[in-house]
Number of protein chains: 2
Amino acid sequence: MAGKREQNREQNRQALIGAVLDSVAEKGISETSVSEIIQRAGLSRGMIHLHFGGKDNLVQAAAHHSSEEYYDGLEALLQTAGDSPQERVEMIVRGDLSERVLNRRNVSIWYAFRGEARNRTAIAEYSDTRDGRLRGMIHNAFARIVREAGTPDASGAARDATHGTLALLEGMWTDFLLHPDRFDREEAARIIFRFLSAMFPTHFSLKGAVRTTAEEALPPPCA
Amino acid sequence: MAGKREQNREQNRQALIGAVLDSVAEKGISETSVSEIIQRAGLSRGMIHLHFGGKDNLVQAAAHHSSEEYYDGLEALLQTAGDSPQERVEMIVRGDLSERVLNRRNVSIWYAFRGEARNRTAIAEYSDTRDGRLRGMIHNAFARIVREAGTPDASGAARDATHGTLALLEGMWTDFLLHPDRFDREEAARIIFRFLSAMFPTHFSLKGAVRTTAEEALPPPCA
DNA sequence: CATTAAAATGGACAATCGTCCATGAAAATG
DNA sequence: CATTTTCATGGACGATTGTCCATTTTAATG
(Lines give C-alpha, C1' and ligand atoms only; values in the text may rest on other atoms or scores of the structure.)
Protein backbone atom coordinates (compact mmCIF):
# COMPACT_ATOMS: atom_id res chain seq x y z
CA MET A 1 0.00 0.00 0.00
CA ALA A 2 1.11 3.57 -0.61
CA GLY A 3 2.25 5.42 2.48
CA LYS A 4 0.70 8.74 3.28
CA ARG A 5 4.04 10.14 2.23
CA GLU A 6 3.87 9.13 -1.38
CA GLN A 7 0.13 9.57 -1.48
CA ASN A 8 0.43 13.27 -0.74
CA ARG A 9 3.34 13.56 -3.09
CA GLU A 10 1.39 12.16 -6.00
CA GLN A 11 -1.64 14.19 -5.07
CA ASN A 12 0.36 17.40 -5.25
CA ARG A 13 1.92 16.46 -8.55
CA GLN A 14 -1.53 15.96 -9.98
CA ALA A 15 -2.72 19.21 -8.46
CA LEU A 16 0.06 21.06 -10.25
CA ILE A 17 -0.69 19.40 -13.58
CA GLY A 18 -4.38 20.14 -13.16
CA ALA A 19 -3.64 23.75 -12.33
CA VAL A 20 -1.57 24.12 -15.50
CA LEU A 21 -4.33 22.69 -17.65
CA ASP A 22 -6.97 24.86 -16.00
CA SER A 23 -4.88 27.94 -16.51
CA VAL A 24 -4.03 27.12 -20.11
CA ALA A 25 -7.68 26.50 -20.84
CA GLU A 26 -8.84 29.72 -19.22
CA LYS A 27 -6.02 32.19 -19.74
CA GLY A 28 -3.84 30.70 -22.44
CA ILE A 29 -0.24 29.62 -22.35
CA SER A 30 1.28 33.08 -22.27
CA GLU A 31 -0.53 33.92 -19.04
CA THR A 32 0.17 30.64 -17.37
CA SER A 33 2.94 31.74 -15.01
CA VAL A 34 4.42 30.03 -11.98
CA SER A 35 2.48 32.39 -9.73
CA GLU A 36 -0.75 31.55 -11.53
CA ILE A 37 -0.12 27.83 -11.27
CA ILE A 38 0.74 27.64 -7.59
CA GLN A 39 -2.16 29.89 -6.72
CA ARG A 40 -4.60 27.59 -8.51
CA ALA A 41 -3.02 24.51 -6.98
CA GLY A 42 -2.99 26.08 -3.54
CA LEU A 43 0.60 25.05 -3.06
CA SER A 44 3.84 26.81 -2.38
CA ARG A 45 6.22 28.27 -4.88
CA GLY A 46 8.95 25.71 -4.49
CA MET A 47 6.81 22.72 -5.40
CA ILE A 48 7.28 23.12 -9.13
CA HIS A 49 11.03 22.97 -8.91
CA LEU A 50 10.81 20.17 -6.34
CA HIS A 51 8.55 17.84 -8.28
CA PHE A 52 9.30 18.72 -11.87
CA GLY A 53 12.63 20.50 -11.81
CA GLY A 54 11.24 23.59 -13.46
CA LYS A 55 8.21 25.12 -15.12
CA ASP A 56 8.97 23.82 -18.60
CA ASN A 57 9.01 20.24 -17.43
CA LEU A 58 5.74 20.74 -15.63
CA VAL A 59 4.07 22.15 -18.71
CA GLN A 60 5.41 19.24 -20.69
CA ALA A 61 4.00 16.79 -18.15
CA ALA A 62 0.66 18.58 -18.38
CA ALA A 63 0.65 18.23 -22.16
CA HIS A 64 1.43 14.56 -21.77
CA HIS A 65 -1.35 14.11 -19.25
CA SER A 66 -3.88 15.86 -21.46
CA SER A 67 -2.89 13.70 -24.39
CA GLU A 68 -3.27 10.50 -22.36
CA GLU A 69 -6.62 11.61 -21.07
CA TYR A 70 -7.89 12.16 -24.58
CA TYR A 71 -6.73 8.82 -25.80
CA ASP A 72 -8.06 6.98 -22.76
CA GLY A 73 -11.47 8.50 -23.29
CA LEU A 74 -11.48 7.48 -26.91
CA GLU A 75 -10.31 3.98 -26.15
CA ALA A 76 -12.96 3.55 -23.49
CA LEU A 77 -15.58 4.40 -26.08
CA LEU A 78 -13.99 1.99 -28.50
CA GLN A 79 -14.39 -0.84 -26.01
CA THR A 80 -18.13 -0.47 -26.29
CA ALA A 81 -18.04 -0.70 -30.08
CA GLY A 82 -18.61 -3.85 -32.08
CA ASP A 83 -15.89 -5.75 -33.86
CA SER A 84 -16.67 -4.75 -37.41
CA PRO A 85 -14.33 -2.12 -38.81
CA GLN A 86 -17.16 0.15 -39.88
CA GLU A 87 -18.57 0.08 -36.37
CA ARG A 88 -15.18 0.98 -35.01
CA VAL A 89 -14.74 3.87 -37.41
CA GLU A 90 -18.20 5.14 -36.62
CA MET A 91 -17.47 4.96 -32.91
CA ILE A 92 -14.20 6.83 -33.30
CA VAL A 93 -15.83 9.58 -35.32
CA ARG A 94 -18.77 9.94 -32.98
CA GLY A 95 -16.49 9.69 -29.98
CA ASP A 96 -14.17 12.37 -31.28
CA LEU A 97 -17.18 14.64 -31.75
CA SER A 98 -18.83 13.78 -28.43
CA GLU A 99 -19.23 16.14 -25.53
CA ARG A 100 -16.89 13.98 -23.49
CA VAL A 101 -13.99 14.61 -25.85
CA LEU A 102 -14.84 17.69 -27.86
CA ASN A 103 -15.58 20.41 -25.32
CA ARG A 104 -14.39 23.95 -24.68
CA ARG A 105 -11.78 22.99 -22.16
CA ASN A 106 -10.14 20.28 -24.23
CA VAL A 107 -10.19 22.31 -27.40
CA SER A 108 -8.67 25.34 -25.71
CA ILE A 109 -5.90 23.26 -24.23
CA TRP A 110 -5.24 21.35 -27.39
CA TYR A 111 -4.90 24.36 -29.65
CA ALA A 112 -2.90 26.30 -27.09
CA PHE A 113 -0.30 23.55 -27.02
CA ARG A 114 -0.40 23.17 -30.79
CA GLY A 115 0.40 26.82 -31.20
CA GLU A 116 3.60 26.38 -29.28
CA ALA A 117 4.37 22.91 -30.53
CA ARG A 118 6.52 24.03 -33.41
CA ASN A 119 8.92 25.70 -31.05
CA ARG A 120 8.82 23.26 -28.14
CA THR A 121 10.03 19.89 -29.24
CA ALA A 122 8.76 18.01 -26.19
CA ILE A 123 5.22 19.27 -26.60
CA ALA A 124 5.21 18.62 -30.32
CA GLU A 125 6.03 15.04 -29.49
CA TYR A 126 2.85 14.47 -27.54
CA SER A 127 0.80 16.33 -30.09
CA ASP A 128 2.26 13.91 -32.57
CA THR A 129 1.85 10.65 -30.71
CA ARG A 130 -1.77 11.44 -29.97
CA ASP A 131 -2.43 11.93 -33.65
CA GLY A 132 -0.32 8.92 -34.43
CA ARG A 133 -2.31 6.57 -32.22
CA LEU A 134 -5.58 7.85 -33.60
CA ARG A 135 -4.29 7.43 -37.11
CA GLY A 136 -3.27 3.88 -36.35
CA MET A 137 -6.70 2.97 -35.01
CA ILE A 138 -8.49 4.42 -38.01
CA HIS A 139 -6.10 3.05 -40.57
CA ASN A 140 -6.45 -0.45 -39.16
CA ALA A 141 -10.19 -0.29 -39.59
CA PHE A 142 -10.04 1.00 -43.15
CA ALA A 143 -7.40 -1.54 -44.07
CA ARG A 144 -9.78 -4.28 -42.95
CA ILE A 145 -12.61 -2.77 -44.93
CA VAL A 146 -10.49 -2.61 -48.04
CA ARG A 147 -9.27 -6.16 -47.52
CA GLU A 148 -12.82 -7.42 -47.15
CA ALA A 149 -13.78 -5.71 -50.37
CA GLY A 150 -11.13 -7.83 -51.99
CA THR A 151 -9.77 -5.20 -54.36
CA PRO A 152 -6.09 -5.91 -54.91
CA ASP A 153 -3.45 -3.35 -54.00
CA ALA A 154 -5.83 -0.85 -52.52
CA SER A 155 -3.56 0.20 -49.69
CA GLY A 156 -3.84 3.69 -51.09
CA ALA A 157 -7.59 3.67 -50.57
CA ALA A 158 -7.22 2.95 -46.87
CA ARG A 159 -4.60 5.64 -46.68
CA ASP A 160 -6.80 8.20 -48.42
CA ALA A 161 -9.77 7.33 -46.25
CA THR A 162 -7.66 7.67 -43.12
CA HIS A 163 -6.18 10.91 -44.28
CA GLY A 164 -9.55 12.37 -45.23
CA THR A 165 -11.28 11.30 -42.05
CA LEU A 166 -8.56 12.74 -39.85
CA ALA A 167 -8.53 15.96 -41.82
CA LEU A 168 -12.30 16.27 -41.50
CA LEU A 169 -12.20 15.64 -37.77
CA GLU A 170 -9.43 18.16 -37.41
CA GLY A 171 -11.45 20.71 -39.31
CA MET A 172 -14.49 20.07 -37.15
CA TRP A 173 -12.42 20.66 -34.04
CA THR A 174 -11.30 23.97 -35.44
CA ASP A 175 -14.91 24.83 -36.13
CA PHE A 176 -15.71 24.14 -32.54
CA LEU A 177 -12.75 26.19 -31.35
CA LEU A 178 -13.89 29.24 -33.27
CA HIS A 179 -17.63 28.88 -32.69
CA PRO A 180 -18.41 26.60 -29.76
CA ASP A 181 -21.95 27.89 -29.48
CA ARG A 182 -22.96 27.51 -33.11
CA PHE A 183 -21.37 24.10 -33.47
CA ASP A 184 -23.65 21.23 -34.45
CA ARG A 185 -22.30 17.79 -33.62
CA GLU A 186 -24.86 16.01 -35.76
CA GLU A 187 -24.07 18.09 -38.78
CA ALA A 188 -20.36 17.47 -38.34
CA ALA A 189 -20.90 13.73 -38.13
CA ARG A 190 -23.21 13.77 -41.14
CA ILE A 191 -20.63 15.44 -43.33
CA ILE A 192 -17.93 12.99 -42.36
CA PHE A 193 -20.17 10.01 -43.08
CA ARG A 194 -21.07 11.48 -46.41
CA PHE A 195 -17.39 11.40 -47.25
CA LEU A 196 -17.07 7.83 -46.01
CA SER A 197 -20.15 6.55 -47.80
CA ALA A 198 -18.75 8.03 -50.99
CA MET A 199 -15.54 6.08 -50.56
CA PHE A 200 -17.08 2.84 -49.29
CA PRO A 201 -20.72 2.80 -50.40
CA THR A 202 -21.26 -0.76 -49.28
CA HIS A 203 -19.89 -0.21 -45.80
CA PHE A 204 -21.22 3.18 -44.85
CA SER A 205 -24.62 4.65 -45.40
CA LEU A 206 -26.19 7.85 -44.19
CA LYS A 207 -28.96 6.08 -42.33
CA GLY A 208 -27.36 6.86 -39.01
CA ALA A 209 -27.27 10.56 -39.60
CA VAL A 210 -30.21 12.87 -39.35
CA ARG A 211 -31.66 13.38 -42.80
CA THR A 212 -32.22 16.91 -43.97
CA THR A 213 -34.48 18.00 -46.76
CA ALA A 214 -31.38 18.90 -48.70
CA GLU A 215 -30.08 15.41 -48.40
CA GLU A 216 -33.30 13.94 -49.62
CA ALA A 217 -33.21 16.22 -52.60
CA LEU A 218 -29.82 14.91 -53.63
CA PRO A 219 -29.62 11.82 -55.79
CA PRO A 220 -28.53 8.71 -53.89
CA PRO A 221 -24.80 7.89 -54.23
CA CYS A 222 -25.37 5.02 -56.64
CA ALA A 223 -28.89 4.87 -57.96
CA MET B 1 2.90 62.65 -52.85
CA ALA B 2 4.10 61.32 -49.54
CA GLY B 3 6.76 63.39 -47.83
CA LYS B 4 9.92 61.72 -46.67
CA ARG B 5 8.45 62.14 -43.21
CA GLU B 6 5.50 59.90 -43.64
CA GLN B 7 7.39 57.60 -45.92
CA ASN B 8 9.86 56.71 -43.18
CA ARG B 9 7.09 56.50 -40.67
CA GLU B 10 5.19 53.92 -42.68
CA GLN B 11 8.37 52.05 -43.46
CA ASN B 12 9.12 51.67 -39.77
CA ARG B 13 5.61 50.58 -38.97
CA GLN B 14 5.92 47.84 -41.56
CA ALA B 15 9.33 46.87 -40.25
CA LEU B 16 7.85 46.35 -36.81
CA ILE B 17 4.98 44.27 -38.11
CA GLY B 18 7.36 42.21 -40.20
CA ALA B 19 9.62 41.67 -37.22
CA VAL B 20 6.70 40.41 -35.14
CA LEU B 21 5.66 37.94 -37.82
CA ASP B 22 9.23 36.72 -38.31
CA SER B 23 9.65 36.22 -34.60
CA VAL B 24 6.30 34.49 -34.17
CA ALA B 25 7.12 32.17 -37.06
CA GLU B 26 10.57 31.32 -35.77
CA LYS B 27 10.30 31.45 -32.00
CA GLY B 28 6.60 31.38 -31.22
CA ILE B 29 4.43 33.91 -29.49
CA SER B 30 5.72 33.34 -25.99
CA GLU B 31 9.25 34.26 -27.03
CA THR B 32 8.26 37.26 -29.07
CA SER B 33 9.25 40.02 -26.65
CA VAL B 34 9.71 43.71 -27.19
CA SER B 35 13.46 43.24 -27.13
CA GLU B 36 13.23 40.52 -29.76
CA ILE B 37 11.03 42.64 -31.99
CA ILE B 38 13.07 45.82 -31.95
CA GLN B 39 16.27 43.87 -32.48
CA ARG B 40 14.84 42.23 -35.60
CA ALA B 41 13.47 45.50 -36.88
CA GLY B 42 16.72 47.30 -36.15
CA LEU B 43 14.82 50.08 -34.45
CA SER B 44 14.81 51.62 -31.03
CA ARG B 45 12.82 50.54 -28.04
CA GLY B 46 10.41 53.44 -28.00
CA MET B 47 9.06 52.85 -31.50
CA ILE B 48 6.49 50.30 -30.46
CA HIS B 49 4.85 52.61 -27.99
CA LEU B 50 5.15 55.51 -30.41
CA HIS B 51 3.53 53.87 -33.42
CA PHE B 52 1.21 51.34 -31.86
CA GLY B 53 0.76 52.49 -28.29
CA GLY B 54 1.98 49.21 -26.86
CA LYS B 55 3.06 45.70 -27.68
CA ASP B 56 -0.43 44.20 -27.67
CA ASN B 57 -1.64 46.59 -30.33
CA LEU B 58 1.39 45.84 -32.46
CA VAL B 59 0.79 42.10 -32.24
CA GLN B 60 -2.80 42.69 -33.15
CA ALA B 61 -1.77 44.75 -36.17
CA ALA B 62 0.58 41.97 -37.19
CA ALA B 63 -2.22 39.42 -37.01
CA HIS B 64 -4.36 41.70 -39.13
CA HIS B 65 -1.59 42.13 -41.66
CA SER B 66 -1.01 38.42 -41.92
CA SER B 67 -4.70 37.81 -42.42
CA GLU B 68 -4.89 40.40 -45.19
CA GLU B 69 -1.85 38.98 -46.89
CA TYR B 70 -3.40 35.53 -46.96
CA TYR B 71 -6.65 36.74 -48.39
CA ASP B 72 -4.95 38.94 -50.97
CA GLY B 73 -2.91 36.01 -52.19
CA LEU B 74 -5.98 33.87 -52.52
CA GLU B 75 -7.95 36.54 -54.28
CA ALA B 76 -5.14 37.15 -56.74
CA LEU B 77 -5.25 33.48 -57.65
CA LEU B 78 -9.00 33.66 -57.96
CA GLN B 79 -8.69 36.42 -60.54
CA THR B 80 -6.96 33.97 -62.85
CA ALA B 81 -9.74 31.40 -62.51
CA GLY B 82 -12.63 31.00 -64.90
CA ASP B 83 -16.17 32.05 -64.17
CA SER B 84 -17.71 28.65 -63.58
CA PRO B 85 -18.25 27.85 -59.92
CA GLN B 86 -16.42 24.53 -60.16
CA GLU B 87 -13.40 26.29 -61.60
CA ARG B 88 -13.50 28.75 -58.76
CA VAL B 89 -13.76 26.07 -56.12
CA GLU B 90 -10.92 24.17 -57.70
CA MET B 91 -8.80 27.29 -57.75
CA ILE B 92 -9.51 28.03 -54.11
CA VAL B 93 -8.62 24.53 -53.05
CA ARG B 94 -5.46 24.39 -55.11
CA GLY B 95 -4.56 27.91 -54.07
CA ASP B 96 -5.02 27.15 -50.39
CA LEU B 97 -2.71 24.17 -50.79
CA SER B 98 -0.15 25.97 -52.95
CA GLU B 99 3.36 26.81 -51.89
CA ARG B 100 2.48 30.48 -52.07
CA VAL B 101 -0.12 30.15 -49.31
CA LEU B 102 0.63 26.94 -47.47
CA ASN B 103 4.23 27.18 -46.34
CA ARG B 104 6.08 26.80 -43.08
CA ARG B 105 6.12 30.44 -42.25
CA ASN B 106 2.42 31.06 -42.81
CA VAL B 107 1.39 27.90 -41.02
CA SER B 108 3.56 28.65 -38.01
CA ILE B 109 2.16 32.14 -37.74
CA TRP B 110 -1.40 31.06 -38.28
CA TYR B 111 -1.44 28.37 -35.63
CA ALA B 112 0.51 30.47 -33.16
CA PHE B 113 -2.18 33.14 -33.31
CA ARG B 114 -4.96 30.57 -33.21
CA GLY B 115 -3.54 29.18 -30.01
CA GLU B 116 -3.92 32.53 -28.33
CA ALA B 117 -7.07 33.54 -30.11
CA ARG B 118 -9.44 32.22 -27.49
CA ASN B 119 -7.95 34.53 -24.90
CA ARG B 120 -7.28 37.58 -27.05
CA THR B 121 -10.47 38.92 -28.50
CA ALA B 122 -8.84 41.17 -31.05
CA ILE B 123 -6.80 38.38 -32.58
CA ALA B 124 -9.73 36.00 -32.62
CA GLU B 125 -11.56 38.56 -34.69
CA TYR B 126 -9.07 38.47 -37.53
CA SER B 127 -8.84 34.73 -37.34
CA ASP B 128 -12.57 34.78 -37.76
CA THR B 129 -12.93 37.26 -40.58
CA ARG B 130 -10.32 35.42 -42.61
CA ASP B 131 -12.27 32.22 -42.28
CA GLY B 132 -15.48 34.11 -42.89
CA ARG B 133 -14.35 35.56 -46.19
CA LEU B 134 -13.09 32.22 -47.39
CA ARG B 135 -16.35 30.60 -46.36
CA GLY B 136 -18.27 33.22 -48.28
CA MET B 137 -16.30 32.65 -51.46
CA ILE B 138 -16.71 28.89 -51.31
CA HIS B 139 -20.36 28.99 -50.35
CA ASN B 140 -21.17 31.27 -53.24
CA ALA B 141 -19.67 28.82 -55.67
CA PHE B 142 -21.49 25.83 -54.23
CA ALA B 143 -24.74 27.72 -54.10
CA ARG B 144 -24.43 28.35 -57.83
CA ILE B 145 -23.65 24.71 -58.48
CA VAL B 146 -26.67 23.61 -56.52
CA ARG B 147 -28.86 26.16 -58.26
CA GLU B 148 -27.70 24.98 -61.68
CA ALA B 149 -28.52 21.43 -60.72
CA GLY B 150 -32.06 22.63 -60.22
CA THR B 151 -32.79 20.58 -57.13
CA PRO B 152 -35.30 22.48 -55.01
CA ASP B 153 -34.44 23.58 -51.49
CA ALA B 154 -30.95 22.23 -51.52
CA SER B 155 -29.43 25.07 -49.55
CA GLY B 156 -28.31 22.44 -47.09
CA ALA B 157 -26.24 20.74 -49.75
CA ALA B 158 -24.27 23.89 -50.45
CA ARG B 159 -23.83 24.36 -46.74
CA ASP B 160 -22.57 20.83 -46.23
CA ALA B 161 -20.21 21.08 -49.16
CA THR B 162 -18.82 24.34 -47.84
CA HIS B 163 -18.49 22.96 -44.37
CA GLY B 164 -16.79 19.80 -45.54
CA THR B 165 -14.40 21.54 -47.89
CA LEU B 166 -13.32 24.01 -45.24
CA ALA B 167 -12.89 21.27 -42.68
CA LEU B 168 -10.78 19.25 -45.10
CA LEU B 169 -8.61 22.23 -45.93
CA GLU B 170 -8.21 22.96 -42.26
CA GLY B 171 -7.17 19.39 -41.62
CA MET B 172 -4.64 19.52 -44.44
CA TRP B 173 -3.11 22.63 -42.95
CA THR B 174 -2.73 20.85 -39.65
CA ASP B 175 -1.08 17.98 -41.46
CA PHE B 176 1.38 20.39 -42.93
CA LEU B 177 2.00 22.00 -39.56
CA LEU B 178 2.90 18.69 -37.95
CA HIS B 179 4.80 17.18 -40.86
CA PRO B 180 5.90 19.79 -43.37
CA ASP B 181 8.44 17.48 -44.97
CA ARG B 182 6.17 14.48 -45.49
CA PHE B 183 3.29 16.58 -46.77
CA ASP B 184 2.06 15.82 -50.28
CA ARG B 185 0.08 18.62 -51.89
CA GLU B 186 -1.22 16.44 -54.68
CA GLU B 187 -2.52 13.85 -52.29
CA ALA B 188 -4.24 16.49 -50.22
CA ALA B 189 -5.96 17.92 -53.27
CA ARG B 190 -6.96 14.48 -54.50
CA ILE B 191 -8.71 13.64 -51.25
CA ILE B 192 -10.64 16.87 -51.26
CA PHE B 193 -11.79 16.39 -54.83
CA ARG B 194 -12.84 12.88 -54.02
CA PHE B 195 -15.17 14.39 -51.45
CA LEU B 196 -16.44 16.96 -53.91
CA SER B 197 -16.99 14.51 -56.74
CA ALA B 198 -19.03 12.39 -54.35
CA MET B 199 -21.27 15.34 -53.55
CA PHE B 200 -21.49 16.76 -57.08
CA PRO B 201 -20.62 13.94 -59.51
CA THR B 202 -21.59 15.94 -62.55
CA HIS B 203 -19.50 18.96 -61.62
CA PHE B 204 -16.32 17.45 -60.23
CA SER B 205 -14.32 14.53 -61.46
CA LEU B 206 -10.99 13.14 -60.42
CA LYS B 207 -9.43 13.67 -63.80
CA GLY B 208 -7.43 16.61 -62.57
CA ALA B 209 -5.81 14.66 -59.81
CA VAL B 210 -2.96 12.27 -60.29
CA ARG B 211 -4.32 8.77 -60.50
CA THR B 212 -2.78 6.16 -58.26
CA THR B 213 -3.00 2.44 -58.70
CA ALA B 214 -5.20 2.37 -55.66
CA GLU B 215 -7.63 4.74 -57.26
CA GLU B 216 -7.82 2.68 -60.41
CA ALA B 217 -8.52 -0.38 -58.34
CA LEU B 218 -11.54 1.25 -56.77
CA PRO B 219 -14.89 1.01 -58.49
CA PRO B 220 -16.02 4.23 -60.16
CA PRO B 221 -18.43 6.32 -58.06
CA CYS B 222 -21.44 5.41 -60.14
CA ALA B 223 -20.81 2.57 -62.53
C1' DC C 1 8.76 9.18 22.48
C1' DA C 2 13.07 10.35 20.03
C1' DT C 3 15.31 10.29 15.74
C1' DT C 4 15.76 10.28 10.91
C1' DA C 5 14.46 11.36 6.40
C1' DA C 6 11.48 13.20 3.11
C1' DA C 7 8.43 16.85 1.64
C1' DA C 8 6.69 21.46 1.74
C1' DT C 9 7.26 26.28 2.52
C1' DG C 10 7.92 31.09 1.13
C1' DG C 11 11.08 34.63 0.43
C1' DA C 12 15.58 36.12 -1.84
C1' DC C 13 17.51 36.64 -6.20
C1' DA C 14 18.96 38.04 -10.84
C1' DA C 15 16.95 38.40 -15.18
C1' DT C 16 13.60 39.94 -18.09
C1' DC C 17 9.27 41.87 -19.09
C1' DG C 18 6.61 46.14 -21.26
C1' DT C 19 5.93 51.09 -20.55
C1' DC C 20 7.17 55.67 -20.82
C1' DC C 21 9.75 60.01 -21.19
C1' DA C 22 13.57 63.37 -21.42
C1' DT C 23 16.61 64.14 -25.01
C1' DG C 24 18.46 64.45 -29.70
C1' DA C 25 17.97 64.18 -34.81
C1' DA C 26 15.82 65.44 -38.92
C1' DA C 27 12.40 66.90 -42.06
C1' DA C 28 9.03 70.55 -43.15
C1' DT C 29 7.93 75.33 -43.04
C1' DG C 30 8.50 80.45 -43.21
C1' DC D 1 19.14 80.09 -42.67
C1' DA D 2 16.11 80.04 -38.58
C1' DT D 3 12.17 78.08 -36.59
C1' DT D 4 8.81 74.78 -35.85
C1' DT D 5 7.15 70.25 -35.74
C1' DT D 6 7.36 65.58 -36.02
C1' DC D 7 9.91 61.32 -35.45
C1' DA D 8 13.36 58.46 -33.30
C1' DT D 9 16.38 57.21 -29.57
C1' DG D 10 17.79 54.48 -25.58
C1' DG D 11 17.91 54.31 -20.79
C1' DA D 12 15.15 54.48 -16.34
C1' DC D 13 11.46 52.41 -14.09
C1' DG D 14 8.47 49.27 -11.42
C1' DA D 15 6.39 44.97 -12.10
C1' DT D 16 6.79 40.27 -12.96
C1' DT D 17 9.18 36.32 -14.52
C1' DG D 18 11.31 31.49 -13.11
C1' DT D 19 14.86 29.48 -10.15
C1' DC D 20 16.69 28.02 -6.01
C1' DC D 21 17.65 27.22 -1.12
C1' DA D 22 17.62 27.82 3.99
C1' DT D 23 14.13 26.74 6.99
C1' DT D 24 10.11 24.46 8.88
C1' DT D 25 6.79 20.83 8.89
C1' DT D 26 5.42 16.17 8.83
C1' DA D 27 5.45 11.36 8.03
C1' DA D 28 8.15 7.13 8.78
C1' DT D 29 11.32 4.50 11.56
C1' DG D 30 13.84 2.56 15.72
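Only this structure's heavy atoms are used, side chains among them; waters, hydrogens and symmetry mates stay out. Every chain is numbered from 1 and lettered A, B, ... according to where its sequence line falls, protein lines coming before strand lines.
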Any B/Gln60 side-chain heavy atom under 4.5 Å of B/Phe113 side chain
no
Quick check: are there more than 12 heavy atoms from other residues, nucleotides or ligands sitting under 6.0 Å from CD of B/Gln39?
no
Is the ring centre of B/Phe142 less than 6.0 Å from the ring centre of B/Phe200?
yes
Phosphate contact (D/dT17 OP1 or OP2) by A/Ser35 side-chain N/O below 4.0 Å
yes
CG/B/Asp72: more than 12 non-hydrogen atoms of other groups inside 6.0 Å
yes
Between C/dC17 atom C1' and A/Glu31 atom CD, what is the distance in whole Å?
13 Å
Is it true that A/Glu26 and B/Arg118 make a salt bridge, defined as a side-chain N closer than 4.0 Å to a carboxylate O?
no
Consider the side chain of B/Ser33, meaning its heavy atoms from C-beta on, and name the nucleotide among C/dG18, C/dT19, D/dC20 that approaches it most closely.
C/dG18
Would you mind reading off the distance between A/Ile37 atom CD1 and D/dT16 atom C1', rounded to a whole angstrom?
14 Å
Under a 4.0 Å N-O cut-off, is there an ion pair linking B/Glu170 with B/Arg114?
yes
Test item: side-chain donor near acceptor, A/Gln86 and A/Glu90, under 3.5 Å:
no
Separation of C/dC17 atom P from B/Leu58 atom CG, nearest Å, is 15 Å
Using whole Å, what does the distance between atom P of nucleotide C/dA7 and atom CZ of A/Arg13 come to?
11 Å
Dump every N/O contact between nucleotides 12-14 of chain C and the protein below 3.5 Å, one line per pair.
none

Note: A/Arg120-A/Asp56 ion pair, threshold 4.0 Å (strictly below):
yes
To the nearest Å, give me how far apart NZ (B/Lys55) and C1' (D/dA15) are.
15 Å
Side-chain heavy-atom pair B/Arg94, B/Phe193 within 4.5 angstrom cut-off:
yes
OP1 or OP2 of C/dC20 less than 4.0 angstrom from a side-chain nitrogen or oxygen of B/His49, does that happen here?
yes
Grab the CD1-C1' distance between A/Ile38 and D/dT19 for me, whole Å please.
13 Å
I need the CD-P distance between A/Glu36 and D/dG18, as an integer number of Å.
11 Å
Rounding to an integer number of Å, can you tell me how far A/Asp56 CG sits from D/dT17 P?
15 Å
Distances under 3.5 Å between nitrogen or oxygen atoms of protein and nucleotides 4-8 of chain D:
unit_1: D/dT6; atom_1: O2; unit_2: B/Arg5; atom_2: NH2; d: 2.0
unit_1: D/dC7; atom_1: OP1; unit_2: B/Arg9; atom_2: NH1; d: 3.0
unit_1: D/dA8; atom_1: OP1; unit_2: B/Asn12; atom_2: ND2; d: 2.4
unit_1: D/dA8; atom_1: OP2; unit_2: B/His51; atom_2: NE2; d: 2.7

